[in-house]
Colleague: 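Just dropping this structure here.
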Amino acid sequence: NIDAVVFDLDGVITDTAHYHFLAWRQLAEELGIVIDEVFNERLKGVSRMDSLELILQEGNQQHNFSLAQKEEMAAKKNLHYCEFLKELTPDDVLPGILNLIADIKSEGISIGLASVSKNANTVLEALELQKVFDFCADAAKISKSKPDPEIFLTACNGLGALPQRSIGIEDAAAGIEAIKASEMFAVGVGSSLHKADYQVENTDQLCWDKIKEAHKNWI
Ligand code: B16
Ligand code: MG
């Protein structure tokens with residue numbers, strides 16, 4: 001009774017969430033704005049331009065720049081981020097993820113990717129995972145980032161899966177909200193994802209049998 005499992009990328013498959021943070025912090029510093037890991041929680045799952053807006057608001061600088069200047073800043077952050085991506089290798093797949101994927105696939109259940117990152121393909125290639133996913137939603141064709149359900153609904157649609165019979169896995173509050181708005185079962189990886197239907201602390205605690213058990217009790 002499970003059609004598909006849809007994964008978030010940054011923070012679930014690999015720890016690029018930390019690279020995003022380092023890249024934003026570098027840009028923020030250049031603007032004299034201080035951001036920390038707590039603030040960074042609000043950027044997870046949020047698109048590049050929306051993240052920039054949140055940072056500028058934090059420094060009360062949201063009215064100081066034109067759209068062209070903001071686009072330039074976002075491009076600069078992306079350059080910082082792409083520098084970090086060069087370091088990424090298959091060893092950077094988070095613990096437990098490959099086992100989980102293998103267990104899901106062994107039951108003939110399809111897996112999809114719901115990342116709003118325009119760098120998702122580059123990341124998957126570096127991890128040598130691009131062939132593992134049956135369908136990856138294209139972030140470039142998504143108009144609303146998480147918490148909107150668009151990216152998860154697009155992934156389910158591409159997999160021919162009913163959202164109500166599918167599971168989403170996320171590390172971000174905005175992502176959990178997006179999964180719930182899609183009417184999917186939400187698995188949270190982290191510590192304060194109160195809206196998740198099932199939660200673990202780390203990816204190595206993601207056990208397919210336990211997820212199925214929790215899903216069964218949810219129905
Ligand atoms: P990019 P996800 C999201 O990816 C990240 O969580 C978020 O921090 C980032 O700003 C966003 O992608 C856009 O990424 O700048 O590479 O297009 O969590 O949906 O996999
Ligand atoms: Mg994430």
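All ligand and atom numbering here is 1-based and tracks the order in the structure.
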Colleague: R48 to ligand 1: N or O pair under 3.5 Å?
Modeller: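 In this structure, R48 places an N or O atom under 3.5 Å from an N or O of ligand 1.
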Colleague: Provide, to 0.1 Å, the distance between atom 4 (O) of ligand 1 and the closest protein heavy atom, together with that atom's residue and name.
Modeller: D10 OD2, 2.7 Å
Colleague: Under the salt bridge (Lys or Arg N to Asp or Glu O under 4.0 Å) criterion, do D197 and K180 qualify, and how do the steps go?
Modeller: CA-CA 9 Å; D197 298 304; K180 292 318 296 168; 2.6 Å; yes
Colleague: Identify the protein heavy atom lying closest to atom 8 (O) of ligand 1, giving its residue, its atom name and the separation to 0.1 Å.
Modeller: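 Answer for atom 8 (O) of ligand 1: L43 O, 3.3 Å.
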Colleague: Among A174, S117, A120, G175, which residue places a heavy atom closest to atom 1 (P) of ligand 1?
Modeller: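 Closest candidate by heavy-atom distance is S117.
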Colleague: Test your reading of the structure: does N119 have an N or O sitting under 3.5 Å from an N or O of ligand 1?
Modeller: yes
Colleague: What protein heavy atom is closest to atom 17 (O) of ligand 1, reported as residue, atom name and distance in Å?
Modeller: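 Ranked first by proximity to atom 17 (O) of ligand 1 is K118 N, 2.7 Å.
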Colleague: For atom 2 (P) of ligand 1, what is the nearest protein heavy atom, given as residue, atom name and distance?
Modeller: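 Its nearest protein heavy-atom neighbour is D8 OD1, 3.0 Å.
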Colleague: Looking at Y81, is K77 sitting on its ring face, NZ or CZ under 6.0 Å from the six-membered ring centre and within 45 degrees of the normal?
Modeller: yes
Colleague: Among all protein heavy atoms, pick out the one at the shortest distance from atom 6 (O) of ligand 1; state its residue, atom name and that distance to 0.1 Å.
Modeller: G45 N, 2.7 Å
Colleague: Provide the protein N, O or S atoms situated under 2.8 Å from the Mg ion (ligand 2); waters are not included.
Modeller: D8 OD2, D10 O, D171 OD1
Colleague: Between L43 and I55, does a side chain to side chain contact (heavy atoms under 4.5 Å, CB included) hold up when you go through it step by step?
Modeller: CA-CA 9 Å; L43 305 182; I55 290 168; 4.0 Å; yes
Colleague: Check this for me, if you would: do E177 and K146 make a salt bridge, where the nitrogen-to-carboxylate-oxygen distance has to be below 4.0 angstrom?
Modeller: no
Colleague: Look at atom NZ of K195 and say whether more than 12 heavy atoms of other residues, nucleotides or ligands are closer to it than 6.0 Å.
Modeller: no
Colleague: For residues S191 and E201, is any side-chain donor paired with an opposing acceptor at under 3.5 Å?
Modeller: no
Colleague: Looking at K70, I'd like to know if its NZ atom is crowded, meaning that more than 12 non-hydrogen atoms belonging to other residues, nucleotides or ligands lie closer than 6.0 Å.
Modeller: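 Yes - once you tally the heavy atoms of other residues, nucleotides and ligands closer than 6.0 Å, there are more than 12.
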Colleague: Do K44 and E170 meet the salt-bridge criterion of a basic N to acidic O distance under 4.0 Å?
Modeller: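 Between K44 and E170 there is no salt bridge, as every charged N stays at least 4.0 Å from the carboxylate O atoms.
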Colleague: So, N78 and N119: side-chain donor and acceptor under 3.5 Å apart, yes or no?
Modeller: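 Note: N78 and N119 side chains meet the donor-acceptor criterion.
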Colleague: Go through the steps to decide whether F65 and L56 satisfy the test side chain to side chain contact (heavy atoms under 4.5 Å, CB included), and finish with yes or no.
Modeller: CA-CA 9 Å; F65 304 99; L56 292 176; 3.9 Å; yes
Colleague: Which residue and atom name correspond to the protein heavy atom nearest atom 20 (O) of ligand 1, and how close is it?
Modeller: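 In this structure, atom 20 (O) of ligand 1 has S115 OG, 2.7 Å as its nearest protein heavy atom.
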Colleague: Taking side chain to side chain donor-acceptor pair (under 3.5 Å) as the criterion, tell me which of E30, E71, Q26 meets it with K76.
Modeller: E30
Colleague: Test of understanding: given a 4.0 Å heavy-atom threshold, classify the contact between H20 and ligand 1 as side chain, backbone, both, or neither.
Modeller: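 Side chain only.
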Colleague: Check the pair F133 / L9 against side chain to side chain contact (heavy atoms under 4.5 Å, CB included), numbers first and verdict last.
Modeller: CA-CA 11 Å; F133 291 89; L9 178 65; over 6 Å; no
Colleague: Closer than 4.0 Å to some heavy atom of K44 - which atoms of ligand 1 meet that?
Modeller: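 Checking each atom against K44, I get 6 (O).
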Colleague: State whether the side chain of T16 and the backbone N or O of Y19 hold a donor-acceptor pair below 3.5 Å, judged by distance alone.
Modeller: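 No.
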Colleague: Can you pull out the closest protein heavy atom to atom 19 (O) of ligand 1? Residue, atom name and distance to 0.1 Å, please.
Modeller: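 In this structure, atom 19 (O) of ligand 1 has K146 NZ, 2.7 Å as its nearest protein heavy atom.
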Colleague: Which residue and non-hydrogen atom of the protein lie closest to atom 11 (C) of ligand 1, and at what distance in Å?
Modeller: V46 O, 3.3 Å
Colleague: For ligand 1, indicate whether the residue S51 contacts it via side chain, backbone, both or neither (heavy-atom separation under 4.0 Å).
Modeller: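 The part of S51 near ligand 1 is the side chain, not the backbone.
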